[in-house]
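The structure under discussion appears below in the form of structure tokens.
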Number of protein chains: 2
Amino acid sequence: MKPKIKDVAKLAGVSPTTVSRVLNNRGYLSVDVREKVAKAMKELNYIPNDLARSLYTQRTNLIGFIFPTTANPFYGELIFHMENASFERGYRVLLCNSSSQPEKEEQYVEMLLRNQVDGIISGAHNLGIKAYQHSLPIVAIDRYLSETIPVVSSDNYQGGRLASELLIEKKCKRILHINGTREMASPANKRRDAYEDVMKEHKMEALTYEIPVMGNAEEIISRLLDEQPDVDGIFASDDKIAARVIAEARKRGIKVPENLKVVGYDGTSFVRDIFPDLTTIQQPISDIAEKAVELLVEEIEGIFDPGSQKEFVFPVQLLEGTST
Amino acid sequence: MKPKIKDVAKLAGVSPTTVSRVLNNRGYLSVDVREKVAKAMKELNYIPNDLARSLYTQRTNLIGFIFPTTANPFYGELIFHMENASFERGYRVLLCNSSSQPEKEEQYVEMLLRNQVDGIISGAHNLGIKAYQHSLPIVAIDRYLSETIPVVSSDNYQGGRLASELLIEKKCKRILHINGTREMASPANKRRDAYEDVMKEHKMEALTYEIPVMGNAEEIISRLLDEQPDVDGIFASDDKIAARVIAEARKRGIKVPENLKVVGYDGTSFVRDIFPDLTTIQQPISDIAEKAVELLVEEIEGIFDPGSQKEFVFPVQLLEGTST
DNA sequence: TTTCATATGTCAACCGGGTGACATAAAAAA
DNA sequence: TTTTTTATGTCACCCGGTTGACATATGAAA
């Protein structure tokens, strides 16, 4: 059987209450007792049961992360940094890959509540506001969930502008955009808005090819290249799409960047490593991660009032490779 | 205040015990009571407290994952699939990014034990056997932890052979290998063993450039290309290194695959997407993930005896791109 | 000598839910 | 009609740790 406080107390020759006092450093304690208890704990290999403690204290030090998938390095890196930031602050992480399935996302929210998490950071974009209406600290990433839920993101509009303007500077005459569907109230839409604004400012026609959530990107890209023979600039909404555009273009003998310039988005360190030539808009992933955790923890600990400020936007950076 | 069983009971006009019976579907229950209770739960927005339940049942349905980082798509994808498999089986996941820091890994193990996880899946490679000597179901991925801990992996030796033999078939005369350091008892070393065996079989000199854990891959690759002007084949121990080799080679005007053929390793779907030209050895990530979770859950539920079989090896697949 | 801060023990209640024992009553089967 | 089965309630204890109230015993300061 696992040792419990009682066992430690017996071995150390003190009362269970005293052991608890040592553990929580409360009340008067002599060095002698502290040592005896520490020794007994080591000898028994005692490990406190956080369930029991949490049940009483009404705090679990658990945070739930709800994100589409760790398989995508953007989320993978974000989660990595957030987990680190949480760990540093004494919080543990319950991981939820919602896989872009609304039902799963909903089940996850309930699961997290059953597990009594102290807060949730959500970057999943399927659920309506309703599902997040529990009196629990929540921080959203790149997504407006409700009036009182703070949002952390990078400057998507600025990113869209940077990408579009770069292509214009580079003398592209026919610039297209590839993006996911617009349905969700995601700040990522601002990239598209920026693209459209820039096109308008330069009196150029804006045209966006959309890739449905479950759609085949390859097919859309092929179709784009078929239908738009005069395209010479593409702003892709993420690096994966950008890379695929480049691969498909090369397959067709279209030279990048001579005949076609491509800008991606995200600039994760993994993609930077593996595809350093790609011009992209880099999101400050670790800043976003750090801020999201900081906000959530402050909310949990009652320091931060979610009503005070609800949007935190970090600047992005243009990284020029040789694809433009 | 959050509603508890008592409140549900009061509203439904039944006893707390009956509510518990409904929740756990035990004993005799009329449809009528079931409905009344369900209605009361919905009305109060009742969510059971899993802490309390777990405290009594001695089961948390929590699994701990200890892996270096979700930022690497290999782990990101592995974790994604494992999390899905766990969710399907009714288990939740506590995520630990050990960041290749032994101290952190040790802290994580203790943290998981405090949280009363039902089991651990570890793919982190820093700790000695000792740290995992707690009477808790554990499954290791790609790493021998102890006699009784089952290991799930793909066939690293076969992968190393496939890669090396491909380069030989393609008439490479000077084939080098790039790998991490050998120190850890990782099955990944078998890739190197296979490379060395194949070289020996063909009476060719084997030479491995090692990249230290905290080392600069760029620098090693540069040095390799400087020191080995006659190299015409490189087997890299992962796709990231392979991609960097190709980038560096192109920068130097070395044509791939004409003058230099490169084989990577891992074949994650993200890298396949972004860099489809890369020849690589693909690990069956979802098979590994599925098996690891299956084993762990069987161990937890007492179905699987870890003494019975302790190694599960899945075949790898050679994916030929245009880098060879 | 008195007073007070220090140090520890005892005890019971509590966190929220699970469960076994037992009582009771109505409906169904023998 | 008697026996079973079904259906629910009551009650107390359990899980492991936390905490407040209170008692008691030192040693030091007043």
Side-chain angles (χ1 to χ4, degrees), chain A residues 1-41 44-62 110-118 136, chain B residues 1-41 44-62 110-118 136:
Chain A
M1 222 46 254
K2 278 184 205 162
K4 27 184 115 174
I5 273 198
K6 252 195 230 166
D7 306 312
V8 175
K10 201 174 290 173
L11 183 63
V14 298
S15 74
T17 303
T18 301
V19 176
S20 174
R21 283 187 184 126
V22 172
L23 275 169
N24 298 288
N25 201 30
R26 281 185 46 237
Y28 297 119
L29 289 167
S30 67
V31 194
D32 182 48
V33 162
R34 281 196 151 92
E35 280 170 359
K36 276 197 295 185
V37 169
K39 205 182 129 210
M41 293 200 299
L44 290 174
N45 233 312
Y46 172 74
I47 288 174
N49 185 328
D50 271 1
L51 291 189
R53 191 205 295 272
S54 292
L55 186 57
Y56 185 86
T57 61
Q58 304 285 46
R59 276 281 291 281
T60 54
N61 286 297
L62 284 177
E110 205 204 304
M111 179 274 268
L112 292 175
L113 291 170
R114 295 170 67 115
N115 278 280
Q116 313 296 117
V117 293
D118 291 338
L136 188 76
Chain B
M1 221 45 257
K2 277 184 205 162
K4 29 186 113 172
I5 274 197
K6 252 196 231 167
D7 305 313
V8 175
K10 202 174 289 172
L11 184 64
V14 299
S15 75
T17 303
T18 300
V19 177
S20 173
R21 284 188 184 123
V22 171
L23 276 169
N24 298 288
N25 202 30
R26 280 185 47 235
Y28 296 118
L29 290 166
S30 68
V31 193
D32 182 47
V33 163
R34 281 198 152 91
E35 280 169 358
K36 275 196 295 184
V37 170
K39 204 182 132 212
M41 292 199 301
L44 290 175
N45 233 311
Y46 171 74
I47 289 176
N49 184 329
D50 271 359
L51 290 189
R53 192 204 294 272
S54 292
L55 188 57
Y56 183 85
T57 60
Q58 304 285 50
R59 278 282 292 278
T60 54
N61 286 299
L62 283 176
E110 205 204 302
M111 178 273 266
L112 293 175
L113 291 170
R114 295 169 68 113
N115 279 282
Q116 312 297 117
V117 294
D118 291 339
L136 189 77

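By convention in this document, chain letters (A, B, ...) are assigned in the order of the sequence lines, proteins followed by strands, and residues within each chain are numbered from 1.
When rounded to the nearest whole Å, the span between CG of A/Leu55 and C1' of D/dC15 equals 9 Å. Here the C1' atom of nucleotide D/dT6 and the CG atom of B/Leu29 are 10 Å apart, to the nearest Å. Here C/dC15 presents its C1' atom at 16 Å from CZ of B/Arg53, a figure rounded to the nearest Å. If you measure from atom OH of B/Tyr56 to atom P of C/dG20, you get 6 Å, rounded to the nearest angstrom. Note: CZ (B/Arg114) to P (D/dG17) measures 10 Å, nearest angstrom. Counting to the nearest Å, the C1' atom of D/dT18 and the NZ atom of A/Lys6 are 15 Å from each other. Atom CZ in A/Arg34 sits roughly 11 Å away from atom C1' in C/dA7 (whole-Å rounding). With rounding to whole Å, A/Leu51 atom CG is found 9 Å from D/dG16 atom C1'.
Within the 4.0 Å cut-off from OP1 or OP2 of C/dG17, not a single side-chain nitrogen or oxygen of B/Ser20 is found. Checking the phosphate oxygens (OP1, OP2) of C/dT19, a side-chain nitrogen or oxygen of B/Arg26 falls inside 4.0 Å.
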> Given A/Arg53 and A/Asn24, is the side-chain contact (heavy atoms from CB on, under 4.5 Å) satisfied, shown in steps?
Replying inline: CA-CA 11 Å; A/Arg53 191 205 295 272; A/Asn24 298 288; 3.0 Å; yes
>> With side-chain contact (heavy atoms from CB on, under 4.5 Å) as the criterion, how do B/Lys2 and B/Ile47 come out once you've worked through the C-alpha distance, each side chain's angles and the decisive distance to 0.1 Å?
In response: CA-CA 8 Å; B/Lys2 277 184 205 162; B/Ile47 289 176; over 6 Å; no
>> Go through it in stages, so that I can follow the logic: the residues are A/Asn49 and B/Gln116, the test is side-chain contact (heavy atoms from CB on, under 4.5 Å), and I'd like the CA-CA distance, side-chain angles, deciding distance and then a yes or no.
In response: CA-CA 7 Å; A/Asn49 185 328; B/Gln116 312 297 117; 3.5 Å; yes
> Which is it for B/Val117 and B/Leu136 under the side-chain contact (heavy atoms from CB on, under 4.5 Å) test, yes or no, and what are the steps along the way?
Replying inline: CA-CA 9 Å; B/Val117 294; B/Leu136 189 77; 4.0 Å; yes
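Considering only side-chain atoms of B/Ala52, the nucleotide from C/dG17, D/dT5, C/dG18 that sits closest is C/dG17. Distance from the side chain of A/Arg21 is smallest for D/dA21 among the nucleotides D/dT19, D/dA21, C/dC15. Looking at the side chain of B/Ile5, the nearest of the listed nucleotides C/dG17, C/dT8, D/dT6 is C/dG17.
In plain terms, the two heavy atoms of A/Ala40 and A/Ala12 that are nearest each other are CB-CB, 3.8 Å. When all heavy atoms of A/Leu23 and A/Pro48 are compared, the closest pair comes out as CD2-CG, 4.5 Å.
B/Val19 comes within 4.0 angstrom of no nucleic acid atom, judged by non-hydrogen atoms across all strands. Within the nucleic acid shown, A/Asn24 comes within 4.0 Å of sugar-phosphate atoms alone, with no base atom in reach, counting heavy atoms only.
Mapping B/Gln58 and B/Tyr28 onto DNA chain D via the closest heavy atom, the residue that lands nearer the 5' end is B/Tyr28. Between A/Tyr46 and B/Val33, it is B/Val33 whose nearest contact on DNA chain D lies nearer the 5' terminus.
Classification of B/Lys39 and B/Glu35 as a salt-bridged pair fails, no side-chain N sitting under 4.0 Å from a carboxylate O.
Residues from residues 7-18 of chain B placing a heavy atom under 4.0 Å of any atom in DNA chain C, listed by number, are B/Thr17.
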